[in-house]
Amino acid sequence: MSPRPARAGATPAGGTLPAHVPVHVDSPLALAALDVYRNAVRSHSRELRPAIVAAGEAAISPEPFLAARTVQESIDINNTTGPAVIVSSAGMATGGRVLHHLHRVLPDPRNAVVVVGFAAAGTRARDLVDGARALKMFGEYVPVRAEVADVPHFSAHADAGQIIDWLRAAPAPHTTYLVHGEESASETLRDRIEAELGWTAVVPRSGEAVLVR
């Protein structure tokens, strides 16, 4: 999720973000994942593409983005004046640092919040996508006056076809339990597993217990 404070009436020519606008990356998990790749480059991991190894750490450097690694660096972003981009991902806005940014930027119509990737039902991100006029966080309702944009196509989740192909390579289990995803989508995938693989597939009820042997 990317809150983007911007001055009213400031529309970049051609829709291009000016080079002087700072981009803050405020996601400890993303930065930790970047460190994993950086260590792989340093150790010349065979799992990396040759072009990445040849380019070295510059190929995955966060520069010129501004990485907020500490809590204080995250808080300091609130002191940013003028246009800026804040990239802060956290479980579809169910928790994490992104909530502090949303609490600040949502009431201001000069701001834009871009929801990137799939937003599941019951999450604040989905509420934003569905046009919520207010979001509850930190024990209060925050008005949504900022522009909200939905960009769902960057989801990293496999689609149904990819899941079926992955399952096809595995030995048939006694039962396949679908425990992630919205109910309608899970039921559709269950039907495909049964039809295409001939497996017993179940969408369990919430709170249901099963014996795993």
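- The shortest heavy-atom contact between V21 and A84 is CG1-CA, 3.7 Å.
- In the displayed structure, R42 atom CZ is contacted under 6.0 Å by more than 12 heavy atoms of other residues, nucleotides or ligands.
- Judged as a side chain to side chain donor-acceptor pair (under 3.5 Å), and not counting sequence neighbours, D165 has no contacts.
- Looking only at side-chain heavy atoms (C-beta outward), P64 and V23 stay at 4.5 Å or farther from each other.
- No chain of hydrophobic side-chain contacts below 4.5 Å, direct or via other Ile, Leu, Val, Met, Phe, Trp or Tyr residues, connects V105 to L66.
- In this structure, CD on E147 lies 14.0 Å from CZ on R110, to the nearest 0.5 angstrom.
- Note: T188 OG1 to L178 CG = 10.5 Å, rounded to the nearest 0.5 Å.
- In this structure, V71 is not a member of the same hydrophobic cluster as V25, with clusters built from ILVMFWY side-chain heavy atoms closer than 4.5 Å.
- No path of Ile, Leu, Val, Met, Phe, Trp and Tyr side chains, each step under 4.5 Å between heavy atoms, connects Y141 with M137, placing them in separate hydrophobic clusters.
- No donor-acceptor distance shorter than 3.5 angstrom exists from the side chain of T123 to the backbone of T94, with no hydrogens or angles considered.
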Inset, instruction - Carefully, step by step, assess I193 and L167 under the rule side-chain contact (heavy atoms from CB on, under 4.5 Å). - result: CA-CA 9 Å; I193 291 174; L167 292 175; 3.8 Å; yes
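- Taking NE2 from H101 and CG from L106, the interatomic distance works out to 12.0 Å, rounded to the nearest 0.5 Å.
- R97 has its side chain within reach of P28: a pair of non-hydrogen atoms, C-beta onward, lies under 4.5 Å apart.
- Using a 4.5 Å heavy-atom threshold, the side chains of R190 and E187 count as touching.
- Within the model, atoms CD1 of I77 and CD of Q72 stand 11.0 Å from one another, a figure rounded to the nearest 0.5 Å.
- P107 is listed as a side-chain neighbour of V142, based on a closest heavy-atom distance under 4.5 Å.
- A distance of 10.0 Å separates CG in L128 from CG in D150, rounded to the nearest 0.5 Å.
- Within the structure, salt bridge (charged side-chain N to carboxylate O under 4.0 Å, His left out) pairs that include any residue of residues 65-88 comprise D35-R69 (at least two apart or interchain).
- One hydrophobic cluster, built from ILVMFWY side chains closer than 4.5 Å, cannot hold both V202 and I164; they sit in different ones.
- At distances below 3.5 Å, at least one donor-acceptor pair connects side-chain atoms of R124 with backbone N or O atoms of K136.
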Legend entry - V98 and I86: CA distance, side-chain angles, deciding distance, side-chain contact (heavy atoms from CB on, under 4.5 Å) verdict: CA-CA 9 Å; V98 69; I86 307 170; over 6 Å; no
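- The line from OG of S43 to CG of L48 is 7.5 Å long, rounded to the nearest 0.5 Å.
- Hydrophobic clustering, with ILVMFWY side chains joined whenever heavy atoms are under 4.5 angstrom apart, groups V212 together with Y177.
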